[in-house]
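One structure is given below, encoded as structure tokens.
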Amino acid sequence: MVCAHQVAPRLPPAIGRTRQRHGAALALRQPGFLTMDIFAALRARVIAALAELLPELPPEATAKVTVEPPRDPSHGDMATNAAMVVAKPAGIAPPKLAAALAEKLAALPEVESATPAGPGFLNLRLRADYVRAQIPEVLRAGEAFGQGAATGQRVNVEYVSANPTGPMHVGHCRGAVVGDALANLLAKAGHAVTKEYYINDAGAQVQALGQAALWRAAEVLAAQGAAGLLFDALRAAPAEARATIEAAWGTTLQYGGEYLVPVGAALAARDGAALFDADGRPAPGAADAARMLAVSMMMTEIRADLAALGVQQDIFISEAERVAAGDLDRAEAILNGKGLVYRGTLEPPKGKTPDDWEPREQTLFRSTQFGDDTDRALRKSDGSGTYFANDLANHLHKIDRGFDALVHVWGADHGGYVKRMKAAVAALSDSRVSLDVVLTQIVHVLKNGEPVRMSKRAGSYITLSDLIDEVGRDAVRFTMLTRKSDAQMEFDLDRVVEQSRDNPVFYVQYAHARIRSVLRAAGDPGPDSLAAAPLETLSDPAELALIRRIAAWPRTVEAAAAAREPHRIAFYLNDLAGDFHLLWNRGRDDATLRFIRAEEPQSTQARLALVAATGVVLRSGMAVMGVTPVEELRDERKGESAEPA
RNA sequence: GGACCCGUAGCUCAGCUGGAUAGAGCGCUGCCCUCCGAAGGCAGAGGUCGAAGGUUCGAAUCCUUUCGGGUCCGCCA
């Protein structure tokens, strides 16, 4: 066998320059530093062969060379487009180049045969022992298999960031799961990742929240017999409390949910009647006190929800603190210094002019210079900062902390906000720092085939903890990753707990449970003993297909991370589980294909090694998704273990 | 009026950043399953990738136009 780290020293230096990521990764690889990836290894081989054939070829000409498994397995194990991609710059017809390349590649120790095909493809059939040699690599690496070499990139992933004005609901849940899995994925791909939560604790909404907490506190004090006209009125007509208070305070109350009653009670218990003046209006400072307590209690609840979901973020950033620290003013000064800030008046949005539209002069940011559709307001007409301006402060803070790449997971309703934020990050960092925004589309929850309403006003409001109670944390996390995040999704409460082929949560867990069952039956051999097993008996096409799937794991991680698409991990695991179940099922029809056969100790060891390696990759993938692998499944209908007896 | 997302088999969805004859599950059809590892298994049918142009060796994928669905759209957050 030939490992990637053995290939690297033979590469011409030019290759390392053209593909820095691969070049660097290969150069760093050592025995024991297991980031083996047969696709990257073979690609390096192909490029090295090209360099020998065409010494004059500019290195960048090979940038688009790929080595991938062909769709049709009858074409071989791998196919490369090298001849077609390089033909033009090299000035050689693709078939001719392919033939020459085939001769070179056929001589490699990994390659059984290389045959040109079609318009210039080169199909490679790999030696079975090279394919099999992936198994001990996987077993020795354990769940670190697929871990990318350190990229040196510092990535900040901000997700959830639900306003601290109430419990989390299923919409937040999708963002939380996608963000957490994406952060895990980026870490798996070799980036240094920080998981961040941005608390929107400044602005009108949290002020309204504080006011609602005061309302609830007033109700509690009234019930406790506090003296005063307002409390008398509340006692006289408890059902009219909201209207009574709105009239007394001259405001419109928001956040009527019951979840603020405990906040009001805590507030009343702590500050008592001092919260209100003689007229029953909030005393000076009471609004701030109520707001801070309410935010704090809501954040406690949100953190508990996140913990129940298995999400643990590294850092929580307070919007109010950042503004107080002067980041907003500093951000504005930076933009101003670049001539990107001016006084002006925005056009009304076409086709949807608000009734009360009137032109107003404000402080604006020239986001159009960075691809936005219109310039954006930094300050309201009264001079105070907009939400966007506060977000500038937030992003400046991230840039200051030295991140190379920023990633946000937002709900689709923030789609219109992406361009201006990218513009802002580009302007603040002189385009050194990138910003990627992953938008998650709406989740429709179904129960008994009927949509479940999620309105905050409706009584049937589904919170995150309701959802976790109903189907379990792992089912929630896995299911939320079974769709591309920019596609809408139906979350069928009945489907996700169903034990059948069309429930991927079950299907993947079941594969792992079966693997554990086999290994237990074999006395749980350790990875070292399995890694030493001779593997020549693994020659069945289905076995080799499973090995190739396993070998594709590092590449899957790298591609999914680059695309910021954690759902690919769920699909990969579903495919991997399918390959494994296929083998298992065949053992049912043909006893000679069973994993454990007492009369054939050698082939048993080889198959156990394959089974164990499959389990390693399943666990590695589930770790990225934040799903717990199970030792066994239980059938509630039978009350028995799902293990084969 | 504008921005962003989606449109792929009867249904729900993948499609590895441009590759060869477009895949999976469900559903459907047929066969297998009295004993063996069946909360099943095997096989088959099913597609002008919403439409029309363009880019090139090559397009579901990139560009333009267009149709349908969804999210949004001055100082809210």
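In this text the structure is predicted, and so the values were computed from the model without any measurement.
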Paired with B:A24: which nucleotide, if any, by Watson-Crick or G-U wobble criteria at under 3.5 Å for both distances? B:U12
Is there side-chain contact between A:Thr374 and A:Arg376, with heavy atoms separated by less than 4.5 Å? yes
Tell me which nucleotide among B:C4, B:U71, B:A77 gets nearest to the side chain of A:Lys419. B:C4
Quick one: do A:Phe595 and A:Phe580 satisfy ring pair (Phe, Tyr, Trp, His ring centres under 6.0 Å)? Show the steps, please. CA-CA 11 Å; A:Phe595 299 123; A:Phe580 172 78; 5.7 Å; yes
Side-chain atoms of A:Lys484 come closest, of B:U12, B:G15, B:C4, to B:G15
Give one of base, sugar-phosphate or nothing for A:Arg594, where a contact means two heavy atoms less than 4.0 Å apart. base
Looking at every strand, decide which applies to A:Leu582 at a 4.0 Å heavy-atom threshold: base, sugar-phosphate, or nothing. sugar-phosphate
Taking any heavy-atom pair under 4.0 Å as a contact, classify A:Tyr507: base, sugar-phosphate, or nothing. nothing
Geometric cation-pi criterion A:Arg568 and A:Tyr572, 6.0 Å radius, 45° cone: no
Take atom C1' in B:G19 and the same atom in B:G58, then report the distance between them in whole Å. 7 Å
Polar contact flag, side-chain donor to acceptor under 3.5 angstrom, A:Asn163-A:Thr165: no
Which part of the nucleic acid does A:Tyr572 contact within heavy-atom distance under 4.0 Å: base, sugar-phosphate only, or nothing? nothing
Does B:C57 have its OP1 or OP2 closer than 4.0 Å to a side-chain nitrogen or oxygen of A:Lys88? yes
Under 4.0 Å, counting only non-hydrogen atoms across every strand here, what does A:Gly587 touch: a base, just sugar-phosphate, or nothing? nothing
Checking all strands, does A:Thr386 fall into the base, sugar-phosphate, or nothing category for heavy-atom contacts under 4.0 angstrom? sugar-phosphate
Considering every strand and a 4.0 Å limit on heavy-atom distances, what is the contact class for A:His567: base, sugar-phosphate, or nothing? sugar-phosphate
Between the main-chain N or O of A:Lys419 and the side-chain N or O of A:Asp372, is there a donor-acceptor pair closer than 3.5 Å? no
Side chains of A:Asn123 and A:Thr115: do they bring a donor and an acceptor to under 3.5 Å? no
Identity of whatever pairs with B:A45 - Watson-Crick or G-U, under 3.5 angstrom: none
Answer yes if the side chains of A:Lys422 and A:Ser367 hold a donor-acceptor pair under 3.5 Å, and no otherwise. no
A:Lys380 side chain N/O closer than 4.0 Å to the phosphate oxygens (OP1, OP2) of B:A77? yes
How does protein contact run along nucleotides 16-24 of chain B, one letter per nucleotide 5' to 3', with B for base contact, S for sugar-phosphate only, - for none, heavy atoms under 4.0 Å? BB-BB----
For atom P, what is the distance between B:G69 and B:U64, given to the nearest Å? 22 Å
